[in-house]
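Only a predicted model underlies this, so the values are computations on that prediction, with no experimental measurement involved. Each chain gets a letter, A, B and so on, in the order the sequences are listed, and its residues count up from 1.
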Amino acid sequence: MLTLNKQAIVAGLEKKHFNDAHDTIESVIAIDQARKAAQQKKDAASAEMNQISKSIGALMAQGKREEAEAAKAKTGELKENIKALEAEMAAEEEKLTQALLQIPNVPYSIVPEGKGAEDNVAVKVGGWNFGEPLKKLAEGNRSFDADGNGIALRDWPASEDPQPAFAKLPHWELAKKYNLIDFDLGVKISGAGFPVYIGQGARLQRALINFFLAEANKAGYTEIMPPTVVNQASGYGTGQLPDKEGQMYHCEVDDLYLIPTAEVPVTNLYRDEIIDEANLPIKNCAYTECFRREAGSYGKDVRGLNRLHEFSKIEIVRIDTPDHSDASHREMLAHVEGLLQKLELPYRILRLCGGDMSFTAALCYDFEVYSEAQHRWLEVSSTSNFDTYQANRLKCRYRKADDKKVYIAHTLNGSALALPRIVAALLENNQCEEGIRIPKALQPFFGDDMIR
RNA sequence: GGAAAGAUGGCGGAGUGGUCGAUCGCGGCGGUCUUGAAAACCGUUGACCUUAACGGGUCCGGGGGUUCGAAUCCCUCUCUUUCCGCCA
C-alpha cells in the first residue's frame, strides 16, 4: 500500500512538514523488502524442517529406528540456519515498526497547505452580529467538504470580532468577585494549573458536564465511564505514544499514564477487536478529567482557565467504515456546533492546515469561542478523522456484511466539549450588572438563570 | 500484603510430546422442511504474514529454554479468579 501510493504519501507528509518525507518513505520500503526476503528464506527453511520432523514421526511409528536417526542427523545445520533467519526477520520487523511509529498520518487532500495557526482556514462562523466580510461564512459550509471556501486566519478581519458594549472583566477576576474558582488554593494543594471550583463555580462545572452528556445522549451517543489511568499499550494505540510521551503524567512504579483525554481509554476499548459491520458506526461519549503536563507553556496562554493541568472534558468517539467516516465526521461537527449555539457563544470553525494538525489526524476542525474580555479566540474543541491511522495501531477492524471479510476501520473523535475555556467565555461574555447570565439551555442544569 | 488455582478459536469447554489450528457444545452463516417463523435435520464457520496463483509460514496469555518435533515438559514475566488480611 505504501509502495503504491508513494508519491501521494510523500506529498501528504510534506504538507504536514514532516522532515525528509521522501527519504523516510524510501527507507521504509527498503526495510519492508528486506523483511519480506528474510521471511521467504525463513519460511522455506521452516517448511523443510517441518517435512523432516513429520517423516521422523512416521518412521518412528513404523519402527524404522535407524532411518529416523539418519534423518535426525540432517537437522542440526538446518536448525542453526532457521535460528539465524528468524533473528534477521525479527530485526527487520522491529526496524519497520520503529520507522512506522515515527511517521505521522497523511492529511486528506482538502487540508490546506500551511505551517502554523495563521494558515488555518475559517470555514464557518456564528453566534454574533458581524458585518459583510463574514456573511458568506455565516451562511455555512454545512458540508465542510468544499475546498477554498473560507478565510485563512492571516486574512481574518479582526474588526469583525464580536465587539463588547462595555469593558469586560477577565474570568480570573470574575472568579474572585463571585467566589467561583480559587486558583491559589489549587496551588497550595497541588500546583499551578489545578484550580479549585467552589460553590456556584463548582455547580457550573457540574451543570456543563450534565448538559453536554445529555446532549450527546440525545444525539445517540452511548455514555461510557472509563478509567482515567491507562497502560502503555493504550498510549500507543491512539498515538499519544511515542509522539507525546512528555505531555502525559506517568506513574512510574506501575508504568501507567494519566489520560490526556477520554479519547485514549474510549478508543482503546476497541483495540484488538473485530466489529460486525451491523454495529457500526459506534458512537460513544464520555466525561472524564483530563491530565496534561503542558511542559513549555507560558504567559497569557496559561492565565486563569486558559490552560490547565487537569480539566473536565466530554469527548465523543466514533468507529466507522471507511466509506461512512466522512459523513460521521460531519455529524460530529454539527453536534459540536449545536452545543455552541445552545450556549449562545460566538464561535468560528477552522479547518486546520497541514502544519497545525496533530501527528495522528487526517482531517481536523477546531472550534473556537470568542472571549470578550481577553479579546481573543479560545480553542474549545478539535474534531478529527484519523482514517485508518489509529485503527492500524489498535488492530481495530470490522467484518463487512457482504463478503464477511475483515477490514481496518476508521476512528474519529472530538471534544463536545472541554469545560475550562467554555467557562471562561461564558463568564466573560455574559457578565452584566446583576451578575453573570446563564444561557437558557443551561439553566435547567444549573438551577438558576444567573450567577450573583 | 499472604496462599492457591488458572490463562486454548466470538463465547463455553476438551486436549499432557508426533497430520492438533486444535474434539465437542453454543452462537453465526448457508440449506432442507414450513404459507411464514420456530423446532428438527444437513452443511459451513479463526486471525495474521507471504505468494500473481498453487502453495508456504506464524499464532493455544507474553518472553526464553529442552526436543528431530511442544497447546502439551522446564524457566520467567504479566494478567485473571478464589480464599485470607486490610480497606473506600
Side-chain angles (χ1 to χ4, degrees), chain A residues 1-4 28-101 225-237 241 250-257 265 268-280 282 289 319 321 388-409:
Chain A
M1 194 200 86
L2 199 69
T3 320
L4 290 178
V28 164
I29 291 172
I31 295 170
D32 191 45
Q33 271 162 0
R35 193 199 104 245
K36 280 184 191 172
Q39 171 161 4
Q40 276 163 18
K41 275 191 280 178
K42 185 246 149 196
D43 281 0
S46 295
E48 194 182 333
M49 190 67 157
N50 288 345
Q51 280 294 324
I52 294 175
S53 290
K54 242 178 216 178
S55 70
I56 290 175
L59 291 170
M60 296 289 261
Q62 292 166 25
K64 297 179 181 168
R65 284 213 145 246
E66 280 176 32
E67 284 179 50
E69 289 303 326
K72 273 192 200 181
K74 286 196 293 188
T75 60
E77 195 185 339
L78 198 52
K79 213 173 155 184
E80 288 303 309
N81 201 5
I82 289 177
K83 240 185 190 166
L85 290 170
E86 262 173 1
E88 187 185 335
M89 195 174 119
E92 295 297 339
E93 221 151 72
E94 176 60 21
K95 259 159 77 182
L96 187 64
T97 43
Q98 282 312 315
L100 253 21
L101 280 174
M225 198 178 271
T228 41
V229 176
V230 295
N231 56 28
Q232 225 182 52
S234 297
Y236 278 98
L241 293 173
H250 184 212
C251 310
E252 294 214 359
V253 270
D254 297 303
D255 196 18
L256 295 170
Y257 294 85
N268 272 283
L269 256 25
Y270 302 94
R271 172 150 46 87
D272 295 321
E273 296 288 337
I274 298 174
I275 306 162
D276 275 338
E277 187 177 8
N279 296 329
L280 297 176
I282 281 167
E289 289 297 291
I319 317 276
T321 59
T388 56
Y389 191 84
Q390 288 183 333
N392 263 317
R393 280 162 180 66
L394 292 160
K395 292 203 173 55
C396 171
R397 294 156 298 171
Y398 71 101
R399 193 179 298 281
K400 225 175 176 172
D402 49 14
D403 64 3
K404 307 280 179 223
K405 291 227 174 87
V406 175
Y407 296 91
I408 290 286

Practice item. Please tell me which of A/I56 and A/N50 maps to the more 5' nucleotide of RNA chain B, matching each residue to the nucleotide holding its nearest heavy atom. Key: A/N50
Practice item. Taking only heavy atoms on the protein side, list every residue of residues 40-48 of chain A lying under 4.0 Å from any atom of RNA chain B, sorted numerically. Key: A/Q40, A/K42, A/D43, A/S46, A/A47
Practice item. Please find the earliest and latest nucleotides of RNA chain B, in the 5' to 3' direction, that have an atom within less than 4.0 Å of any heavy atom of chain A. Key: B/rG18 to B/rG69
Check your understanding: How far does the C1' atom of B/rC20 sit from the matching atom of B/rU72, given to the nearest Å?
Key -> 10 Å
Check your understanding: Looking at A/L394 and A/G237, what are the two nearest heavy atoms and their distance?
Key -> CG-O, 3.4 Å
Review point. Is the shortest heavy-atom distance from the side chain of A/V28 to the side chain of A/L96 under 4.5 Å?
Key: yes
Review point. In whole Å, what separates the P atom of B/rA3 from that of B/rU76?
Key: 15 Å
Practice item. Specify the residue among A/K83 and A/R399 whose closest nucleotide of RNA chain B lies further upstream toward the 5′ end. Key: A/R399
Review point. What integer number of Å spans the P atoms of B/rU32 and B/rA38?
Key: 14 Å
Exercise for review: May I ask you to decide if the ring planes of A/Y257 and A/H250 are parallel, tilted or perpendicular, using 30° and 60° as cut-offs?
Suggested key: parallel
**Study point:** Rounded distance in Å between the C1' positions of B/rA39 and B/rG31
**Key:** 16 Å
Point to revise | Heavy-atom check, side chain of A/V230 versus side chain of A/N268, under 4.5 Å | key: no
Check your understanding: Looking only at heavy atoms, what is the nearest atom pair of A/P265 and A/P226, with distance?
Key -> CB-CB, 3.7 Å
Practice item. Quick one: pull up CD1 in A/I275 and CZ in A/R399 and give me the separation to the nearest 0.5 Å. Key: 11.5 Å
Review point. Which dot-bracket notation, 5' to 3', represents the base pairing of RNA chain B when pairs are defined as Watson-Crick or G-U with both distances under 3.5 Å, crossing pairs as [ ], and inter-strand pairs as |?
Key: ((((((((.[[[..)..(.....]]]((((((.......))))))(((((....))))).[[[[[..)....]]]]])))))))....
Point to revise | Lys/Arg-Asp/Glu bridge criterion (N-O < 4.0 Å) met for A/E93, A/R35 | key: yes
Point to revise | Nearest-angstrom distance, C1' atom, B/rG43 to B/rA47 | key: 23 Å
Revision key, fill the gap. Closest non-hydrogen atoms of A/A71 and A/I56, given as atom of the first, atom of the second and distance, are CB-CG1, 3.8 Å
Review point. Taking the same atom, P, in B/rG9 and in B/rC59, what whole-Å distance lies between them?
Key: 15 Å
**Study point:** C1' spacing across the pair B/rG62 / B/rA7, given as an integer number of angstrom
**Key:** 11 Å
Study note, to complete from the structure: Of all heavy-atom pairs linking A/R393 and A/L100, the shortest is NH2-O, 3.4 Å
Check your understanding: Within a strict 4.5 Å, meaning less than it, do heavy atoms of the A/E92 and A/M89 side chains meet?
Key -> no
Exercise for review: Measure the shortest side-chain to side-chain distance between A/S234 and A/R271 over non-hydrogen atoms and say whether it is less than 4.5 angstrom.
Suggested key: yes
Review point. Rounding to the closest angstrom, what is the interatomic distance between B/rC11 and B/rU44 at atom P?
Key: 23 Å
